[in-house]
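Shown next, in structure tokens, is the structure this report addresses.
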Amino acid sequence: MHWADYTAKRLSDEYESQVIASGITPSGEFHIGHLREILTAEMIHRACLDADIKSEYIFIVDSMDPLRRVYSFLSEDYQKYIGFPLVNIPAPNPDGTPNHEGGNYADHFLKPFLEALREIGVHPKVVMNHGTYENGEFAEKIDLAIKHKDQIHDIIEKISGRELPENWFPYNPIGSDGSMDGVEVTRYEKPYVHWKDRHGVEGKSDTRKADGKMPWRVDWAARWGIHSITCEPAGKDHGAAGGSFDTGIPICELLGDKPPGKMVYEWIQLKGSGPMSSSSGNTIGPIEALNLVPPEILRYVIARTKVKKHIDFDTGPSLFETADEYERLVSNPPSGEELNKKKKVARDTITGALRLSQVNRGVDASLSIAGVSFRHLAMLAQIKSNDEDVWNSLNKSQHIDGRPNDALIGRLSRMRNWINSVHFPEDARIKIQEKMDLNTREKLTEKQIQFLLIMSDKLKSCKWSEKEISEKIREATKETEVSPREGYVALYMLILGVDFGPRIASIILELGQDITIEIFSKSL
RNA sequence: GGGUCUGUAGCUUAGUCAGGUAGAGCACCGGGCUUUUAACCCGGGGGUCGCGGGUUCGAACCCCGUCAGACCCGCCA
């Protein structure tokens with residue numbers, strides 16, 4: 001059984017209807033690591049719906065979280081915004097300076113991420129956390145938290161092993177300058193928290209408004225109750241012993257609610273370069289990833305991996321394997337009646353992964369088949385600059401019959417992006433030689449050189465079509481009495497510098513007559 | 001220091017929660033197609049399930065220990 005289906009089943013044993021949640025702080029550019037947070041939750045949500053369990057999926061944006069520090073992509077102008085809720089800060093310009101016309105900081109980073117989510121078929125109910133404060137939904141929890149201040153204090157200190165400051169208070173009001181830093185609570189008089197900020201200014205915050213927020217560990221526990229969340233997968237940073245999940249459970253209960261069960265997912269790493277981090281610049285954005293990787297395959301990468309296993313995200317060579325594995329599975333799904341228990345489990349797991357990988361829920365996976373392997377498409381995309389030529393070639397090779405489907409059109413356009421990016425594997429790149437070097441030439445026999453000379457002549461008067469070029473190759477092999485194989489090897493050595501490759505006539509055609517003849521004349 | 005997770009074929013892994021003869025893909029090798037030469041089809045070899053104990057008629061799976069790797073415990077998912 002797939003992990004999402006298993007979780008859905010477990011949830012339905014405990015709750016009648018589900019609220020599955022994700023939560024992310026929009027403190028900077030989103031990266032594909034965040035996609036795991038989103039997709040883990042969304043797949044459980046889909047699994048619930050597929051099992052006729054009532055379910056809702058919400059994405060809580062921590063727009064009230066304060067700016068912690070001036071990140072590397074921000075200019076020093078942001079110094080003055082430290083401690084401000086992200087929703088109250090101007091969005092940065094590309095050079096890192098504040099753009100006062102560009103909306104707020106939280107929305108700025110959120111917007112493109114939501115677009116990427118749409119592209120991979122995720123349609124959450126977006127909850128801006130500052131909105132929840134603004135409309136008073138937090139007020140009751142804030143009141144309870146303040147009343148149980150000492151107990152919460154003890155829970156955090158005991159479970160996390162962290163020492164809280166003397167003046168710790170489960171509510172951080174915003175001071176006169178807009179920052180939550182250095183604001184000291186002087187007293188609480190429902191619904192107002194009175195304070196004195198670092199400038200000595202005194203004031204009060206209305207707990208029914210977004211005049212302040214609860215600290216992270218309390219905030220998270222409170223929102224489980226406010227939104228009746230039944231499942232919220234958490235990153236392993238929150239899931240560590242003594243982490244915010246562990247303190248959240250008793251705090252949530254203290255505030256009168258039943259906490260969701262603990263579920264922790266592993267991180268995605270960029271192959272070979274460790275965990276993703278916005279500050280180190282070691283990121284790949286969901287949008288960048290979606291430019292290269294078809295959405296169903298991006299989903300598949302998450303769906304096929306157990307939640308607790310880390311994923312090495314690789315936009316290099318292993319993308320071929322992942323994509324071809326997906327293609328193979330969809331076109332030839334594992335089936336069979338006489339399987340033993342283990343094989344049945346394996347089959348159900350993988351078919352579950354395929355089901356959950358579809359961009360649109362309930363749509364037949366077979367519609368996402370491109371009908372051609374990633375490798376073959378990579379080759380065609382490199383030698384055919386025109387999409388129509390690619391479709392013609394695929395028709396001729398009987399990969400497709402007639403017009404390409406949407407999946408294939410999408411694959412080709414992303415394939416072109418991939419090839420043009422630094423991520424495309426070098427050994428898959430077709431490199432046209434300007435001329436044959438001496439080393440390569442020495443590997444050829446006299447006969448093969450003869451063959452190339454004849455070819456050179458023939459190409460000069462050749463009508464430039466794939467058929468004609470193939471015909472010339474055949475003629476030349478006959479005239480010089482080299483085997484077809486030797487002839488092809490000679491051509492590959494000349495044009496690509498290696499002894500094998502994709503269909504040479506296509507490459508020659510694509511190169512054009514002038515360039516081809518130039519390669520021949522320079523080399524021979 | 002405390003904790004979590006991972007360790008199965010050269011590589012990626014399924015199977016571990018409900019113990020019952022180790023399964024797949026890639027790669028590799030062989031054959032076919034003999035020209036769509038990075039395509040396609042068929043076949044094959046390859047695993048002390050990290051290591052050591054224990055429980056059991058029976059352990060990749062449960063328990064204890066141990067080694068290795070990754071990560072968390074400073075709100076970075």
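Reminder, nothing fancy here: chain letters follow the sequence lines and each chain counts from 1.
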Can you tell me, in whole Å, how much space there is between the P of B/G47 and that of B/U8?
15 Å
Take atom C1' in B/U6 and the same atom in B/G53, then report the distance between them in whole Å.
22 Å
For the rings on A/Phe113 and A/Phe109, is their centre-to-centre separation under 6.0 Å?
no
Spacing of A/His310 atom NE2 relative to B/C72 atom C1', expressed in whole Å:
15 Å
Charged N to carboxylate O under 4.0 angstrom, A/Arg416 versus A/Asp387?
yes
Quickly work out the A/Glu325 CD to B/A24 C1' distance and round it to whole Å.
9 Å
Which sits closer to the 5' end of RNA chain B, A/Lys308 or A/Thr25, going by the nucleotide each is nearest to?
A/Lys308
Pair partner, B/A22 [Watson-Crick or wobble, under 3.5 Å]:
none
Short side-chain to backbone donor-acceptor contact, A/Asp324 and A/Phe374, under 3.5 Å
yes
Tell me the interatomic distance from A/Ile24, atom CD1, to B/C75, atom P, rounded to whole angstroms.
18 Å
Pairing partner (Watson-Crick or G-U wobble, both distances under 3.5 angstrom) of B/G7
B/C67
Ignoring backbone atoms, establish whether A/Lys306 has a side-chain N or O less than 4.0 Å from OP1 or OP2 of B/U13.
no
B/C75 base to A/Arg217 side chain: any donor-acceptor pair below 3.5 Å?
no
Distance between the C1' atoms of B/A22 and B/A59, in whole angstroms?
12 Å
Would you call A/Glu479-A/Lys458 a salt bridge at under 4.0 Å N-O?
yes
Taken to the nearest whole Å, CZ/A/Phe245 to P/B/C72 is 19 Å
Pairing partner of B/C28, by Watson-Crick or G-U wobble and under 3.5 Å for both distances, is B/G44
Nearest-Å distance for atom pair CG/C1', residues A/Asp246 and B/G2
13 Å
May I ask you to decide whether A/Arg304 forms a salt bridge with A/Glu325, counting only side-chain N to carboxylate O separations under 4.0 Å?
yes
More 5' along RNA chain B: A/Glu37 or A/Tyr6, using each one's nearest nucleotide?
A/Tyr6
Applying the 5.5 Å / 30° rule, does A/Tyr265 stack onto the base of B/A77?
no
In whole angstroms, how far is the P atom of B/C75 from the CD1 atom of A/Ile60?
20 Å
B/G52 versus B/A70 - spacing of their C1' atoms, nearest Å
24 Å
Separation of A/Lys309 atom NZ from B/U8 atom C1', in whole Å?
9 Å
side-chain N/O A/Arg304 vs B/G25 OP1/OP2, d < 4.0 Å
no
One thing to verify: whether A/Arg68 and A/Asp181 come together as a salt bridge, which I'm taking to mean a side-chain N less than 4.0 angstrom from a carboxylate O.
no
B/C26 to B/A39 separation - P atoms, rounded to the nearest Å:
12 Å
B/G50 versus B/C61 - spacing of their P atoms, nearest Å:
8 Å
Expressed in whole Å, how much space separates the P atoms belonging to B/C49 and B/G10?
13 Å
For atom C1', what is the distance between B/U4 and B/G45, given to the nearest Å?
39 Å
Tell me: CZ of A/Arg328 to P of B/A39, nearest whole Å?
13 Å
Sugar-phosphate only, base, or nothing, as touched by A/Ile38 at under 4.0 Å among non-hydrogen atoms
nothing
